[in-house]
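Written below as structure tokens is the structure these notes are about.
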Amino acid sequence: MATSSPGAPTVVGSQPAITSEPAPTPAVYKPATDKGPAENVPVPVLPDKATEFTKDGLIAFAEYWYSTLGYVYETGGSGPMMEITEPACKPCIFVNQPIAELYESGGWIAGGRMTVHQSTASFEQTPDGTYQVILMIQQAQVRAYDANKILRSERPQGGARANIVVARFIDNHWQAQTAEAVAK
């Protein structure tokens with residue numbers, strides 16, 4: 001039977017204790033070091049603009065493509081890049097294969113993020129049905145470590161270099177045919 005006094009809440013039987021679990025802590029990005037690989041690397045997100053068949057859409061797509069390349073260096077995961085790239089992209093295979101092998105053997109890369117300093121496109125279709133974007137790209141220093149934490153190779157950060165992305169607009173989305181340095 002419930003009892004109450006004036007101004008006090010009525011209590012019927014016993015009530016379960018209310019416990020609250022702490023909210024999950026969002027995973028925090030931790031860049032790779034000589035001690036281990038990067039952790040919680042955010043997967044690049046395709047901007048809405050990059051899905052448009054416009055000059056600005058093409059440029060946004062090309063800039064996004066380079067963010068996926070940086071993701072390959074940081075994680076060894078080429079999925080996001082290859083989802084938007086033709087399988088026959090020779091420069092992509094040239095990069096993906098050794099990086100994938102390094103990560104599969106327990107190694108990792110510190111660095112490698114790509115920065116786009118400038119990009120431009122005329123948005124004129126070439127005779128083969130592609131469009132081109134010229135970008136000034138700078139890659140952060142790259143240090144490759146093996147599973148034993150031994151530095152196996154190093155490439156210092158260089159200056160910004162001209163790169164080209166050649167892409168097609170197929171089935172309402174952009175797809176890179178190739179991406180590479182304009183001059184060596």
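Note that this is a predicted model, so its numbers are computed, not measured.
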* pair I164-V133: side-chain heavy atoms closer than 4.5 Å -> no
* To do: Establish, from distance only, whether the side-chain atoms of W174 and T51 form a donor-acceptor pair under 3.5 Å.
  => no
* Asked: Is it true that E86 and R168 make a salt bridge, defined as a side-chain N closer than 4.0 Å to a carboxylate O?
  -> yes
* To do: Might you point out which heavy atoms bring S67 and P44 nearest each other, and give the distance in Å?
  => OG-CB, 3.5 Å
* Worked check of ring pair (Phe, Tyr, Trp, His ring centres under 6.0 Å) between F53 and F123 -> CA-CA 10 Å; F53 182 65; F123 201 62; 5.3 Å; yes
* Between the side chains of E154 and Q141, is a donor N or O closer than 3.5 angstrom to an acceptor N or O? -> yes
* Asked: Does a side chain donor of either D56 or T54 reach within less than 3.5 Å of an acceptor in the other side chain?
  -> no
* Asked: Which atoms form the tightest heavy-atom contact between M81 and W65, and what is the distance?
  -> SD-CZ2, 3.4 Å
* Asked: Taking everything shown except D48 itself, do over 12 heavy atoms lie less than 6.0 Å from its CG?
  -> no
* Closest approach of Y103 and V72, non-hydrogen atoms and distance? -> CE1-O, 4.3 Å
* Drop me the distance from T126's OG1 to Y131's OH, to the nearest 0.5 angstrom. => 8.5 Å
* Taking the side chain as every heavy atom from C-beta outward, state whether I109 and Y145 have any atom pair closer than 4.5 Å. => no
* Asked: Hey, what do you get for NZ (K35) to NZ (K30), rounding to the nearest 0.5 Å?
  -> 10.5 Å
* Residue pair H117 / A160: nearest heavy atoms and the distance that separates them -> CD2-CB, 3.8 Å
* Asked: Do you know the tightest heavy-atom contact between W108 and D146?
  -> CZ3-O, 3.5 Å
* State, to 0.1 Å, how close E74 and G111 come at their nearest heavy-atom pair, and which atoms those are. => CG-O, 4.1 Å
* Quick one: pull up CD1 in I134 and CD1 in I59 and give me the separation to the nearest 0.5 Å. => 11.0 Å
* Structure fact -> So CD of Q175 and CZ of F169: to nearest 0.5 Å the spacing works out to 11.5 Å
* Between CG on residue N96 and CE on residue M82, distance to nearest 0.5 Å -> 6.0 Å
* **Face-on cation placement of R113 at Y29 ring, 6.0 Å and 45° thresholds** => yes
* To do: Answer yes if the side chains of Q139 and R161 hold a donor-acceptor pair under 3.5 Å, and no otherwise.
  => no
* Indicate whether any N or O donor in one side chain lies under 3.5 Å from an N or O acceptor in the other, for Q138 and T115. => no
* To do: Please round to the nearest 0.5 Å and tell me the distance separating atom CZ of R143 and atom CZ of R155.
  => 12.5 Å
